[in-house]
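Structure record follows, encoded as structure tokens.
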Amino acid sequence: MKLRNILLLGVVATIVTLGQTPVVVDGGVLNGASFAKQANGLGAPVAMGSLVSIFGTNLATTLAVADSVPFSTSLGGVSVSFGGKAAPLQTVIPGALSQLNVQIPFDVLPAGQSSGDVPVVVTVNGVASAPKPVSIVTAAPGVFSIPAGAGYGVLIFADTDGVAKIAAPVNANIGYPTAPIARGSNCFFYATGLGPLTPPLKEGAVDLTTLHSAVTPTVLVGGITARVDFAGAAPQFPGVYQINIGIPQNAPTGDSVTLQVRSADGSVTSSTSVVISVK
């Protein structure tokens, strides 16, 4: 599953002028999966260790995508810091409204602190943006979907024909094989913002030899609590979490069944805008 392609879906890149001052728009640091916003239209708090999208003007001069891991803290002439700590970059996308996909450092807050505001600064070819405050919390889950933010969740299962598919209508036309998932089936999906990992994993990196688990969240399928078999670092995607679940036998059916993640402490629940198809 090419998650990198999912993050780039629908984005049209245009080149901006070299030397212009980068500007992060107010509230322009969003959960990289859900693009969650507050009622005032500004970005909702984001979690340490999560993948985020930063929006603004003149944030990149050329399209660049990290082609190896660990991710570098410099990509396409762009670097990003949160509270003075360098962040690994996954994608930089120029345009009238530029977009950067980066991972927030796990240690962005002082030891023992679970929330707070830190400044984000974007530097492009040596020119730095003015710092903008970003609200950081321990966990702020968001589920990856197609299209991003509001669409069919990237929930993957092995169909009866042996083909891995996304749980969406057969005619969903989202660029990947799709089919409704049956109640009781085992599956997994991708999210971000679940918080710290055990054992710790350096941001920007992956570990193919050790399972790095997150504090187990609650997963709701159509409002029904699902069995969670694993929640932790996705083995190939820095900043992304994989959650393995079983679809509840009493889950609602249809093509618009909500898929939500609630933080382990119950304080934050992901948007109802992500759905799956259940039969």
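These values consider heavy atoms only, across backbone and side chains, with no hydrogens, waters or symmetry-generated copies.
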Legend entry - Heavy-atom side-chain proximity of V127 to P22 below 4.5 angstrom: yes
Inset, instruction - Search all heavy atoms of L109 against all heavy atoms of S114 and return the closest pair with its distance. - result: CD1-C, 3.7 Å
Inset, instruction - Any chance you could measure S273, atom OG, to L259, atom CG, to the nearest 0.5 Å? - result: 12.0 Å
Legend entry - Partners meeting side-chain hydrogen bond (donor to acceptor under 3.5 Å, both in side chains) with D117 (sequence neighbours left out): none
Inset, instruction - Could you tell me whether the side chain of Y176 reaches within less than 4.5 Å of the side chain of I146, counting heavy atoms only? - result: yes
Inset, instruction - For residues 36-59, pull every pair meeting ring pair (Phe, Tyr, Trp, His ring centres under 6.0 Å), keeping only residues two or more places apart or in separate chains. - result: F35-F55
Legend entry - Transitive ILVMFWY side-chain link V228 to L155, under 4.5 Å: yes
Legend entry - S129 and V23: CA distance, side-chain angles, deciding distance, side-chain contact (heavy atoms from CB on, under 4.5 Å) verdict: CA-CA 5 Å; S129 69; V23 176; 5.8 Å; no
Inset, instruction - Report yes or no: do V24 and V124 belong to one cluster of Ile/Leu/Val/Met/Phe/Trp/Tyr joined by side chain heavy-atom distances under 4.5 Å? - result: yes
Inset, instruction - Treat each ILVMFWY residue as a node, draw an edge where side-chain heavy atoms are under 4.5 Å apart, and state whether I224 and F188 are in one component. - result: no
Inset, instruction - Considering non-hydrogen atoms only, spot the tightest contact between A140 and A47 and give its length. - result: N-CB, 3.5 Å
List the atom pairs, with distances to 0.1 Å, where a side-chain N or O of residues 36-45 and a protein N or O form a donor-acceptor pair under 3.5 Å, not counting sequence neighbours.
residue, atom, partner, partner atom, Å
Q38, NE2, G43, O, 2.9
N40, OD1, L42, N, 2.9

Inset, instruction - Look at the side-chain heavy atoms of Ile, Leu, Val, Met, Phe, Trp and Tyr, link any pair under 4.5 Å apart, and say whether L100 and M48 land in one connected group. - result: yes
Which pairs would a plain distance check flag for residues 73-88, meaning a side-chain donor or acceptor within less than 3.5 Å of a matching protein atom at least two apart in sequence or in another chain?
none

Inset, instruction - Check step by step if side-chain contact (heavy atoms from CB on, under 4.5 Å) holds for V261 and F189. - result: CA-CA 11 Å; V261 178; F189 63 96; 3.6 Å; yes
Legend entry - Note, P94 side chain near L63 side chain (heavy atom, < 4.5 Å): yes
Legend entry - Heavy-atom side-chain contact between L197 and Y241 under 4.5 Å: yes
Legend entry - Polar side-chain atom of T178 near backbone of I166 as donor-acceptor pair, under 3.5 Å: no
Legend entry - Check: H212 and P199 side chains under 4.5 Å, non-hydrogen atoms: yes
Inset, instruction - State, with a plain yes or no, whether a side-chain heavy atom of V120 is found less than 4.5 Å away from one of V118. - result: no
Inset, instruction - Output the distance between atom OH (Y152) and atom CD1 (I174), rounded to the nearest 0.5 Å. - result: 8.5 Å
Legend entry - Pairwise side-chain contact, K132 with D26, heavy-atom cut-off 4.5 Å (strictly under): yes
Legend entry - Student check: side-chain heavy atoms of R183 and V278 closer than 4.5 Å: yes
Inset, instruction - Give a yes or no on whether the backbone of G32 and the side-chain of T192 come within a donor-acceptor separation of less than 3.5 Å. - result: no
Inset, instruction - Evaluate the side-chain contact (heavy atoms from CB on, under 4.5 Å) criterion for residues L194 and I243: first the C-alpha distance (whole Å), next the side-chain angles of each, then the deciding distance (0.1 Å), finally the verdict. - result: CA-CA 10 Å; L194 298 190; I243 304 178; 3.9 Å; yes
Legend entry - Test log, rule side-chain contact (heavy atoms from CB on, under 4.5 Å), inputs I245 and C187: CA-CA 6 Å; I245 67 168; C187 55; 3.5 Å; yes
Legend entry - Taking every non-hydrogen atom, the tightest pair across V25 and G56: CG1-CA, 3.7 Å
Inset, instruction - Supply the atom-to-atom distance I247 CD1 to I181 CD1, rounded to the nearest 0.5 angstrom. - result: 4.5 Å
Inset, instruction - Determine the minimum heavy-atom distance between A164 and I156, stating which atoms define it. - result: CB-CG2, 4.2 Å
Inset, instruction - Output the distance between atom OG1 (T123) and atom CG (L59), rounded to the nearest 0.5 Å. - result: 10.5 Å
Let me have the donor-acceptor pairs involving side chains of residues 215-222, under 3.5 Å, with sequence neighbours excluded, atom names and distances please.
none

Legend entry - Distance-minimising heavy-atom pair for S145 and G151: OG-N, 3.6 Å
Legend entry - side-chain hydrogen bond (donor to acceptor under 3.5 Å, both in side chains) partners for R227, two or more places apart: N186, D229
Inset, instruction - Please confirm whether the backbone N or O of D161 pairs with a side-chain atom of D159, one donor and one acceptor, at under 3.5 Å? - result: no
Legend entry - Cluster check Y190, F157: I/L/V/M/F/W/Y, side chain < 4.5 angstrom: no
Legend entry - Spatial distance of atom OG (S270) from atom CZ (R262) [nearest 0.5 Å]: 9.0 Å
Legend entry - L201 side, atom CG; S213 side, atom OG - distance, nearest 0.5 Å: 11.5 Å
Inset, instruction - Check A96 against T57 and note the closest heavy-atom contact, atom names and distance. - result: O-CG2, 3.8 Å
